[in-house]
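Report on the following structure.
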Amino acid sequence: YNIYQIMCGIFGSNDFKRYVKLYDQNKKRGNFSFGGLFIDRKMHAIVKTPGTIVLNKNLELKYKKKKKAITTFNIFLGHTQAPTSSRRTASQDVIHPFICGDWNVAHNGVLTNDKMLKKGLAKSYYNEVDSSVIPGLLHVCDRTTKKKDEIFCICRVLSKLEGTFGLWIFNAVTQNVYLARSGSTLYADILTNDFSSLPNKGFELLKEGTLYLLTTEGVTVVGEFKPNSPFFSS
């Protein structure tokens, strides 16, 4: 049994009421902090807060100094965190999602080779949290690859990760959202875009080593990567 599965939770929906229910469920996995990313056409807003947050229709988010009602967004992504190190103070730099360039990543699990991977990155591309290496690696791939293919970059980076992860990835330029897992749990309703680290009625366990694209219409397979989890079995 993977003990790391209880450390954090990721979840999302294109329906605000279902999103709130998923958040309430995933608070069981960690109430150290909440991180949310909300998408509406060509814009997005991020919320990072210590502890828990009250999500209701009256909540307003700031975007470019303007306020926008949370219910006007059409994709809702979230992360609940339990601390995985001796640090117990929640601050913006340790709350998911982590950001580098155009890439935003929220991660559930523990990476075992993050220190090695960080050695190849500029120090401004990551912080002390293991998860922060993922958007840094994606940013470097984006800048250096000649293919200019975000699916190629995502699969290439995920194949380098060792340990466990369930994650969502958001690219701020293309507005695409991706899901993937290796070792950690991640369930989704393929016909909607609801997903969660915890099982729900109508959800199925996503396949390890498979990259999924999340849209308002549902979840589709778009790529494959090599899982490097000690819990992976073919």
Side-chain angles (χ1 to χ4, degrees), residues 2 5 8-26 29 35-46 55 70-71 73-80 96-98 102-109 131 134-135 138 149-159 161 164-227 229 231-232 234:
N2 182 0
Q5 291 176 4
C8 298
I10 60 172
F11 54 96
S13 178
N14 68 338
D15 181 273
F16 181 68
K17 289 184 179 180
R18 294 200 303 266
Y19 177 76
V20 173
K21 290 181 180 179
L22 292 172
Y23 171 52
D24 289 339
Q25 291 175 1
N26 278 273
R29 297 176 68 97
L37 192 152
F38 310 98
I39 306 164
D40 178 24
R41 300 181 181 87
K42 293 297 181 181
M43 62 178 287
H44 69 280
I46 294 175
L55 292 173
I70 191 170
T71 52
F73 290 84
N74 54 35
I75 293 181
F76 306 89
L77 307 175
H79 181 278
T80 57
H96 301 236
F98 295 106
D102 301 322
W103 298 94
N104 301 253
V105 178
H107 163 238
N108 161 47
S131 312
I134 303 173
L138 289 168
D149 182 341
E150 66 183 17
I151 293 177
F152 167 82
C153 279
I154 294 171
C155 291
R156 182 177 182 179
V157 168
L158 296 186
S159 294
L161 304 180
T164 62
F165 60 83
L167 48 77
W168 54 255
I169 299 171
F170 170 68
N171 185 290
V173 172
T174 64
Q175 298 281 296
N176 287 332
V177 179
Y178 298 92
L179 303 175
R181 80 173 188 95
S182 178
S184 293
T185 58
L186 188 56
Y187 303 85
D189 186 329
I190 302 300
L191 299 180
T192 69
N193 74 348
D194 295 359
F195 69 92
S196 175
S197 295
L198 295 170
N200 279 269
K201 184 178 180 180
F203 284 26
E204 61 183 72
L205 184 65
L206 297 183
K207 295 180 180 179
E208 292 188 280
T210 300
L211 181 66
Y212 297 84
L213 176 68
L214 181 83
T215 70
T216 55
E217 285 76 38
V219 181
T220 56
V221 175
V222 292
E224 295 182 348
F225 61 92
K226 178 185 177 183
S229 165
F231 305 97
F232 176 74
S234 57

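Model, not experiment: these values are computed from the prediction. Values reported hereafter were calculated over all heavy atoms of this structure, with side chains retained and with hydrogens, waters and symmetry mates removed.
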Any residue meeting salt bridge (Lys or Arg N to Asp or Glu O under 4.0 Å) with D24, in chain and number order, not counting sequence neighbours | K27

Spatial distance of atom SG (C155) from atom CD (E150) [nearest 0.5 Å] = 10.5 Å

Can you tell me how far the CG atom of N171 sits from the CD1 atom of I154, to the nearest 0.5 Å?
-> 7.5 Å

Contact summary for H44 and I46, nearest pair of heavy atoms | CD2-CG1, 4.2 Å

side-chain contact (heavy atoms from CB on, under 4.5 Å) partners for D15, two or more places apart | S13, K17, R18

Measure the acute angle between the ring planes of Y19 and F38, then classify it against the limits of 30° and 60° as parallel, tilted or perpendicular.
-> perpendicular

Please name the pair of heavy atoms, one in Y187 and one in L198, separated by the smallest distance, quoted to 0.1 Å.
-> CD1-C, 3.5 Å

Over all heavy atoms of both residues, which pair between N26 and S197 is shortest? Give the atoms and the distance, please.
-> OD1-CB, 3.8 Å

Which atom pair, heavy atoms only, marks the closest approach of A172 to F170?
-> CA-CE2, 3.7 Å

Under 3.5 Å, side chain of S159 to main-chain N/O of K226, donor-acceptor pair present?
-> yes

Partners meeting side-chain contact (heavy atoms from CB on, under 4.5 Å) with V222 (sequence neighbours left out) = I151, Y178, L211, L213, T220

Rounded to the nearest 0.5 Å, what separation is found between the CG atom of L179 and the CD1 atom of I10?
-> 6.5 Å

Considering non-hydrogen atoms only, spot the tightest contact between L158 and L167 and give its length.
-> CD2-CD2, 4.0 Å

Report, as yes or no, whether the 6.0 Å neighbourhood of atom CD on Q25 holds more than 12 heavy atoms from other residues, nucleotides or ligands.
-> yes

Set of side-chain hydrogen bond (donor to acceptor under 3.5 Å, both in side chains) partners for N193, sequence neighbours left out = none

Those residues that, when tested against W103, pass side-chain hydrogen bond (donor to acceptor under 3.5 Å, both in side chains) (two or more places apart) = D142

Describe, in one word, how the ring planes of H107 and F165 are oriented to each other, choosing from parallel (under 30°), tilted (30 to 60°) and perpendicular (over 60°).
-> tilted

Does N74 offer a backbone N or O that forms a donor-acceptor pair with the side chain of N14 under 3.5 Å?
-> no

Counting only N and O atoms by type, is there a donor-acceptor contact under 3.5 Å from the side chain of S184 to the main-chain atoms of N108?
-> yes

Does a side-chain heavy-atom distance below 4.5 Å link F195 with W168?
-> yes

What pairs with E204 under side-chain contact (heavy atoms from CB on, under 4.5 Å), at least two apart in sequence or on another chain?
-> I190

Please determine, by modelled atom types, if S229 and E208 share a side-chain donor-acceptor pair under 3.5 angstrom.
-> no

Answer yes or no: is there a donor N or O on one side and an acceptor on the other, between the side chain of D40 and the main chain of M43, under 3.5 Å?
-> no

